Enquirer: 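Okay, handing you the structure first.
Here the structure is a predicted model, which means the values were calculated and not measured. Letters A, B, ... mirror the listed sequences (proteins, then strands); counts begin at 1.
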Amino acid sequence: MAESDNITELHARVVVIGAGPAGLAAAAVASAAGLGVLLLDAAPVPGGQIWRARQGVAAEPVARTLARLAPAGVRVLAGTRVVMTLPDRALLIDGPGGARRLRWDRLILATGARERLLPFPGWTLPGVFGAGGLQALVKGGWPIRGRRVVVAGTGPLLLAAAATLRREGAQVVGLVEEARAAALARFAGTLAAHPRKALQAVRLGSSLLGVPFIRASRVVAAEGDGRVERVLLRGEGGRTRTIACDALAAGWGLIPQTELGQSLGCALAPRFGAPALAVDAAQRTSVDGVLAAGECTGVAGARAAQLQGEAAGHAVAAELGAEARPWGHASRLAREHAFAAAVAATFAPPADWAARLRDDTLVCRCEDVPWSALRGQPDLRSAKLATRCGMGHCQGRLCHDTLAAVMHWPRLPVRPPLSPAPLATLLAITEHPSTKEPLQ
Amino acid sequence: MKVTVDGCPLDVAAGTLVAAAIELAAPGRGARLSPAGLRRQPLCGMGVCGECRVEVDGHAHRLGCQTLCAPGMEIRTDG
């Protein structure tokens, strides 16, 4: 512990990172067991992505849980990000309260997932968004009424995004799913074994009646003069078509956000088609005292995230000697995971992505690095040093995901800061990570 | 509540994101210009891509998709 620096210090027996379904459930169980809990989230209002606040008002399940957490003394820090991990079970955090050192006895990572956003010609034009991305912006007041939107890519999130956009007054002029009819039919068979999911699908489907559903087709390019005006699609057999639109919302499923866990040294393992934080049945990671729950351990939906969050809450309560009921929902979680495996198999990301890139397609949006500058590089580190690809604000969270998949390059280790921070925040602490590790 | 976007006054509802306020004030203006000078709008909506970065009340590099408007807030874009 550094003694000479001048930074406010916080401590909680249980620190939960991420206030989505997993983090809220973990905080509720741990606090009900009598443990001091601090819950931190980067967004201005808790809830995460699936339970995202609408116009600043917390979603109903979030409000209900927060109402239970407040009397239990759970401290919620919204709008606050983890900047880096520090020695002796601590994190450097930054938010409205300024830079602070946050010490924990047990840490529960519930950092969720992000959209798989893949580059294609025209994807940097204004008016092109992630599918979940536009859904999130619209919930925050982004004007969409009367605008023509194409929703494209793959996965169930496209349906949810299209439904939200339509409810807010958008004209959804195309819902474009890459999966082929045979795969979708197989998936429908899986749905029959999961009545809750089938009901959700029926509800979503009925809210999308009249929307053109275009299967086995993919986005070739977004085009327009200074902003998106039309989307080029290619279907089976090479048939092409063009749809005029004001916005394109495109996403190819979700990927676990593992960076904080990786920086703590937590092992990864492939889960439902993407690298995820590896956990045991009690949600413990490979690092002592660090647990993980929800989509950072594999993308499996909100119900699985809640169940895992509860399991993590019970696990820390047992480890810290607090009263806790045993967690007995392993079979329910297994059912959710079986469904997640079917989703991952049906809506897998396309394997042929390099063929969709043109020489001038900007793979790294932060630094404007085109595909032509990257495809001759031997590995990610060389690409980064030679082109600045991955050295901008997103720190490679978009482009390195793409290049690792397209070029089969190994990923680079995660380096601090985990999110961009003012120099004053970094200067507030005296302990800094070793500078002996090789430059990347 | 009242905010300003690049000096122009704008009325927004409570709970409006800074990124949304910019689109309401000036459709298509976006937030930042890329190093090559290309106009950009938010992409991910959840604080990952950084395309929504703007100046808020004199503080540079605030994420417009992770910041709610507050009364009197001064928002400045690159554009």
Enquirer: Sort A:Leu362 into side chain, backbone, both or neither according to what part of it lies under 4.5 angstrom from a heavy atom of chain B.
Expert: side chain
Enquirer: Give, as side chain, backbone, both or neither, the part of A:Arg227 having an atom under 4.5 angstrom from any heavy atom of chain B.
Expert: side chain
Enquirer: Looking just at side-chain N and O atoms, do A:Gln257 and A:Arg114 make a donor-acceptor pair shorter than 3.5 Å?
Expert: yes
Enquirer: Measuring heavy-atom distances to chain B, does A:Arg147 have an atom under 4.5 Å in its side chain, in its backbone, in both, or in neither?
Expert: side chain
Enquirer: Which atoms of A:Gln395 come close to chain B, meaning under 4.5 Å heavy atom to heavy atom: side chain ones, backbone ones, both, or neither?
Expert: neither
Enquirer: Please flag which part of B:Leu63 lies under 4.5 Å from any non-hydrogen atom of chain A: side chain, backbone, both or neither.
Expert: side chain
Enquirer: Going by an N to O cut-off under 4.0 Å, is there a salt bridge joining B:Asp11 and B:Lys2?
Expert: yes
Enquirer: Looking at A:Arg148 and A:Asp246, is there a salt bridge between them, counting it only when a charged N and a carboxylate O are closer than 4.0 Å?
Expert: yes
Enquirer: Is there a donor-acceptor pair under 3.5 Å between the side chain of A:Asp94 and the backbone N or O of A:Val83?
Expert: no
Enquirer: In a check of side-chain hydrogen bond (donor to acceptor under 3.5 Å, both in side chains) between A:Glu168 and each of A:Gln135, A:Arg54, A:Arg145, A:Lys139, which one passes?
Expert: A:Arg54
Enquirer: Please determine, among A:Gly127, A:Gly79, A:Pro143, A:Pro422, the option with the most heavy-atom pairs under 4.5 Å with chain B.
Expert: A:Pro143
Enquirer: Of the backbone (N, CA, C, O) and the side chain (C-beta and beyond), which part of B:Ala19 lies under 4.5 Å from a heavy atom of chain A, both, or neither?
Expert: both
Enquirer: If you count heavy-atom pairs within less than 4.5 Å of chain A, which of B:Ala13, B:Ala60, B:Cys65, B:Gly45 leads?
Expert: B:Gly45
Enquirer: Name the member of A:Gly226, A:Ala250, A:Ala249, A:Cys366 that forms the most heavy-atom pairs with chain B at distances under 4.5 Å.
Expert: A:Cys366
Enquirer: Identify whether the distance between the nearest side-chain nitrogen and carboxylate oxygen of B:Asp57 and B:Arg76 falls below 4.0 Å.
Expert: no
Enquirer: Chain B heavy atoms under 4.5 Å from A:Arg365: which part of the residue, side chain, backbone, both or neither?
Expert: both
Enquirer: Quick one, B:Glu51 with B:Gln41, criterion side-chain contact (heavy atoms from CB on, under 4.5 Å). Give me CA distance, side-chain angles, the key distance, then yes/no.
Expert: CA-CA 6 Å; B:Glu51 295 282 31; B:Gln41 276 191 334; over 6 Å; no
Enquirer: Looking at A:Gly140, A:Gly133, A:Gly251, A:Pro420, which one has more heavy-atom pairs under 4.5 Å with chain B than the rest?
Expert: A:Gly140
Enquirer: So what's closer than 4.5 Å to chain B heavy atoms on A:Val138: side chain, backbone, both or neither?
Expert: neither
Enquirer: With chain B as the partner, which of A:Ala53, A:Gly141, A:Gly132 has the greatest number of non-hydrogen pairs under 4.5 Å?
Expert: A:Gly141
Enquirer: Are A:Trp123 and A:Leu118 side-chain neighbours, meaning at least one heavy-atom pair lies under 4.5 Å?
Expert: no
Enquirer: Determine whether the side chains of A:Thr387 and A:Glu367 contain a donor N or O and an acceptor N or O closer than 3.5 Å.
Expert: no
